[in-house]
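Okay, so here's the structure we're looking at.
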Amino acid sequence: MSGSAAASDQIVLTLPDGNTREVPVGTLARDVVGSIGERLLRASVAVAIDGEVVDLMTPLRHSGAFVVITDKDPRALAVLRHSGAHILATAVRRLRPDAHIGFGPAIDDGFYYDFEVERPFTPEDLAAFEAEMKKVIQEKYPFVREEVSLEEARVRFAGDPLKLERLADFEGTDEVISVYTDGPFVDLCRGPHVPDTGWLKHFKLLTTAGAYWRGDVKRQMLQRIYATAFWKKDELETHLHNLEEAKKRDHRVLGKSLGLFQMFPVAPGGAFWTPKGTTLYNTIESFVRERQQEAFQEIKTPLLYNKKLWEQSGHWGKYKENMFLVLDSETGEHDMSLKPMNCPSHHVYYGSQKHSYRELPVRYVTFDVLHRNELSGALSGLTRVRQFAQDDCHVYLREDQIATEVKFLMDFILGYYDTFGLQATLKFATRPEQRIGSDELWDRAEGALRAALESTGRPYELKEGDGAFYGPKIDFDVTDSIGRAWQLGTIQLDYNAPERFDLSYTGEDNAPHRPVVIHRAVSGSFERFIAILIEHFAGAFPVWLATEQVRVIPIAIDYNDHAQAFVDRLKGLGIRATLDARNETLNYRVREGEMEKVPYMCVIGRREAEEHTVALRVRGTGKKQEILAQDAFVEQLLHDVKTRALVPMPVVAESTEEGA
RNA sequence: GCUGACGUAGCUCAAUUGGCAGAGCACCUGAUUUGUAAUCAGGCGGUUACCGGUUCGAUUCCGGUCGUCAGCUCCA
């Protein structure tokens with residue numbers, strides 16, 4: 001750090017209001033906070049020195065900006081939750097002294113702790129741990145920080161093999177080793193922590209699951225307990241409530257109740273799309289096709305390939321585990337494979353022809369079905385499947401075209417998300433440790449990508465070292481209507497593939513040149529994208545996407561013909577309209593239409609039949625019906641479908657009220 | 001793949017210590033012709049995922065298979 005402080009054994013802390021405090025090196029943070037105010041000390045959770053959060057028991061070593069963190073500060077919650085993890089471990093150790101402790105960090109929505117135990121935890125264990133935690137909390141054990149030598153640490157954790165393994169990482173480093181004690185429990189831990197266990201008031205143990213030690217499938221499986229904690233009771237309750245709400249809009253639940261798709265044990269990881277679901281799927285695919293008509297060339301390529309292709313692309317070496325291999329009955333070998341990606345086929349096709357520098361960029365796009373042999377345990381609804389289709393594009397272009405092309409693709413992608421009302425955030429990922437290509441090439445690639453990114457004026461997050469091994473990338477995360485982030489689109493520069501496939505174009509100088517490849521995906525996979533849309537809209541799709549756009553309901557038999565005529569008119573205009581003239585009460589039919597989330601219901605009775613009007617019920621607005629001329633309704637409807645308007649506004653589906 | 005939980009009618013769920021498997025909705029048949037979230041009555045429907053074991057007797061206990069779900073380093 002700055003050498004000036006070394007001369008003195010005093011450090012200078014600058015408070016947010018500009019005042020400074022000079023204290024001896026090694027002064028505890030809490031003493032500084034206490035000197036500012038007793039009440040502040042009681043409210044403080046931790047402090048930050050130049051942005052680094054440390055707890056109140058930490059001896060201060062450096063001068064810097066000194067900020068007191070109270071529970072108002074978002075960083076304080078992570079501290080509380082990390083302490084929650086220790087309290088959990090304290091309780092588990094009391095009830096299961098045989099448990100060896102692994103890691104226990106705070107995570108986005110809470111915290112977890114990993115244990116190595118003979119007998120896995122049961123839900124009953126969880127309840128017992130939660131009760132025991134309450135005792136630990138009542139005992140208000142202070143979190144005591146100590147800094148120890150490696151030797152000392154090894155003695156302390158002699159009974160904990162996992163901690164000893166972690167300690168081995170400190171060998172030969174000068175990192176400070178700290179341990180925290182709360183009552184009977186000691187943990188190797190960097191901190192920071194709240195002052196004592198009594199600070200944890202509102203928490204809940206959620207689930208238990210297996211987790212490999214250090215995430216390595218070759219290592220032993222530990223038992224992980226997930227939990228969450230908040231400062232305030234209502235925050236915890238809101239969080240738990242939100243979890244319940246999220247379950248209601250789960251695409252697997254809605255997909256079943258709305259009859260969109262089904263899975264069968266005979267085809268794990270593959271979806272059957274119902275007639276309705278197929279309508280939805282095709283509507284989205286048509287939309288993508290329409291947008292891509294101008295600037296892209298769609299091609300269809302085989303699903304099954306000889307392994308020679310995968311050897312050339314490098315998949316055979318790196319990706320074979322995830323490919324479905326097919327027995328070639330002539331050779332008796334599994335040397336054919338279903339394609340898991342479209343890139344190699346696109347490269348083969350590009351490479352089959354001579355290309356002039358004038359025709360670049362060339363953009364091939366393919367919607368073919370892809371197969372990836374995901375681990376059985378990884379399959380989940382439509383978000384993780386073995387068979388899916390992408391709106392997968394590969395652009396072949398000259399290096400000098402990168403900036404323009406990236407700008408073009410970004411606008412294309414962002415415009416797509418806008419149509420669905422999905423908020424996108426951008427991430428720019430640069431060269432990773434493991435990579436191919438010269439630094440000069442990476443400089444150029446990153447420079448071009450960054451320039452294109454910045455020309456859009458959109459904010460982005462820099463992810464250093466997170467790029468693909470063959471090139472930097474821009475990832476598009478979208479946030480859905482309940483604030484969850486999904487990684488969807490990507491723009492990846494690739495200098496590797498053109499080499500492997502010996503791709504070229506003829507330049508102005510009549511000599512062959514290497515093109516650059518850009519991988520572009522917008523929806524990710526259609527399957528997953530539709531899952532996201534189902535959850536985003538809670539099944540209440542805007543009218544252009546709705547599988548059934550209008551339902552016409554005659555009040556009595558006398559108006560059936562009239563209603564049928566209206567349905568026919570709508571159908572003739574390309575509207576997905578149905579007639580519900582069943583022998584049921586109006587209430588019954590309206591209720592069913594609402595539950596099936598049909599955007600518009602047109603009720604037709606005597607008045608409407610005579611006056612050529614419809615009594616329009618808009619999804620989710622209850623009894624506020626509107627009487628309008630059929631022509632006016634049709635005109636508005638066609639306009640909204642054509643413009644892909646986000647109407648009717650998705651109404652957050654409250655749980656269907658219990659029987660009256 | 002691994003750890004744990006789960007698998008009962010088309011759907012959502014019941015079934016006391018192992019003792020003939022039940023409800024609501026959906027579906028079918030009648031009656032009812034309805035003005036904005038469930039009209040009434042009757043009926044059909046299950047090899048309790050599958051295979052094996054223990055038992056006089058298994059939805060229930062045990063083992064295996066298949067599937068579903070929660071997870072599988074957001075650095076002590």
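Chain letters run A, B, ... following the sequence lines, proteins first and then strands; every chain starts at 1.
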In whole angstrom, what separates [X]'s [atom1] from [N]'s [atom2]?
| X | N | atom1 | atom2 | result |
| --- | --- | --- | --- | --- |
| A:E584 | B:U39 | CD | P | 7 Å |
| A:E116 | B:U3 | CD | P | 14 Å |
| A:Q223 | B:A5 | CD | C1' | 12 Å |
| A:N587 | B:A37 | CG | P | 5 Å |
| A:R589 | B:U36 | CZ | P | 12 Å |
| A:D125 | B:G4 | CG | P | 13 Å |
| A:K256 | B:C11 | NZ | P | 6 Å |
| A:L258 | B:U12 | CG | C1' | 15 Å |

Say we look at [N] and [M]: how far apart would their [atom1] atoms be, to the nearest angstrom?
| N | M | atom1 | result |
| --- | --- | --- | --- |
| B:C61 | B:U16 | P | 11 Å |
| B:C66 | B:A49 | C1' | 8 Å |
| B:G22 | B:U47 | P | 15 Å |
| B:U36 | B:U29 | P | 28 Å |
| B:C40 | B:U33 | P | 15 Å |
| B:A58 | B:G18 | C1' | 6 Å |
| B:A26 | B:A41 | P | 13 Å |
| B:C13 | B:G7 | P | 11 Å |

| query | Just checking, A:R81 and A:F230: is the charged tip under 6.0 Å from the six-membered ring centre and within 45° of the axis? | reply | yes
| request: Report the C-alpha distance between A:Q262 and A:W273 in whole Å, list the side-chain angles of each, state the deciding distance to 0.1 Å, and finish with yes or no for side-chain hydrogen bond (donor to acceptor under 3.5 Å, both in side chains). | output: CA-CA 6 Å; A:Q262 279 189 81; A:W273 292 91; over 6 Å; no
| 5'-to-3' dot-bracket of RNA chain B (Watson-Crick, G-U; under 3.5 angstrom; crossing pairs as [ ]; | other strand) | (((((((..((((.....[..)))).(((((.......))))).....(((((..]....))))))))))))....
| field | Lys/Arg-Asp/Glu bridge criterion (N-O < 4.0 Å) met for A:K624, A:E626 | value | no
| query | Do the charged groups of A:R606 and A:E610 touch, with an N to O distance under 4.0 Å? | reply | yes
| said: Using a heavy-atom cut-off of 4.0 Å across all strands, would you classify A:E592 as base, sugar-phosphate, or nothing? | reply: nothing
| remark: Sorted by position of nearest nucleotide on RNA chain B, 5' first, the leading residue of A:E374 and A:D558 is A:E374
| task | Can you tell me which residue pairs pass the salt bridge (charged side-chain N to carboxylate O under 4.0 Å, His left out) test with a partner in residues 172-184 of chain A, sequence neighbours excluded? | result | none
| request: Please collect all salt bridge (charged side-chain N to carboxylate O under 4.0 Å, His left out) contacts where either partner lies in residues 374-384 of chain A, sequence neighbours excluded, each pair once. | output: A:E374-A:R384
| message | Between A:K623 and B:G35, is there a contact of a side-chain N or O with OP1 or OP2 at under 4.0 Å? | response | no
| request: Ignoring the backbone of A:P120, work out which of B:U39, B:G4, B:U33 is nearest its side chain. | output: B:G4
| remark: Looking only at B:A37, B:A26, B:U36, the nucleotide nearest the A:E594 side chain is B:A37
| Any donor-acceptor N/O pair, A:T197 side chain to A:Y141 backbone, under 3.5 Å | yes
| Going by heavy atoms closer than 4.0 Å, what residues in residues 600-617 of chain A are next to RNA chain B? | A:V603, A:G605, A:R606, A:R607, A:E608, A:A615, A:R617
| query | Applying ring pair (Phe, Tyr, Trp, His ring centres under 6.0 Å), which residue pairs with at least one partner in residues 576-609 of chain A are found, sequence neighbours left out? | reply | A:Y600-A:F633
| A:D160: what forms a salt bridge (Lys or Arg N to Asp or Glu O under 4.0 Å) with it, not counting sequence neighbours? | A:R93
List for me each residue that meets side chain to side chain contact (heavy atoms under 4.5 Å, CB included) alongside [X], sequence neighbours excluded, and say none if there are none.
| X | result |
| --- | --- |
| A:V45 | A:D71, A:A76, A:V79, A:V194, A:W199, A:W231 |
| A:M323 | A:W310, A:H315, A:W316, A:Y319, A:L325, A:S337, A:P340 |
| A:T613 | A:E608, A:E611, A:I627 |

Per-pair distances, 0.1 Å, donor-acceptor, side chain in residues 96-113 of chain A, under 3.5 Å, sequence neighbours excluded:
unit_1	atom_1	unit_2	atom_2	d
A:R96	NH1	A:D125	OD2	3.4
A:R96	NH2	A:R119	O	2.5
A:H100	NE2	A:G159	O	3.3
A:Y113	OH	A:D187	OD2	2.4

| request: For A:T490 and A:D475, run side-chain hydrogen bond (donor to acceptor under 3.5 Å, both in side chains): C-alpha distance rounded to whole Å, both residues' side-chain angles, the deciding distance at 0.1 Å, then the answer. | output: CA-CA 4 Å; A:T490 187; A:D475 281 334; 2.9 Å; yes
| For nucleotides 40-48 of chain B, read 5' to 3', which letter fits each nucleotide if B means a protein heavy atom sits under 4.0 Å from the base, S means only the sugar-phosphate is that close, and - means neither? | ---------
| Contact letters for nucleotides 66-76 of chain B, in which S counts primed atoms plus P, OP1 and OP2 and B counts the base, heavy atoms under 4.0 Å | -S-SSBBBBSB
| field | A:F272-A:F264 aromatic ring centre distance below 6.0 Å | value | yes
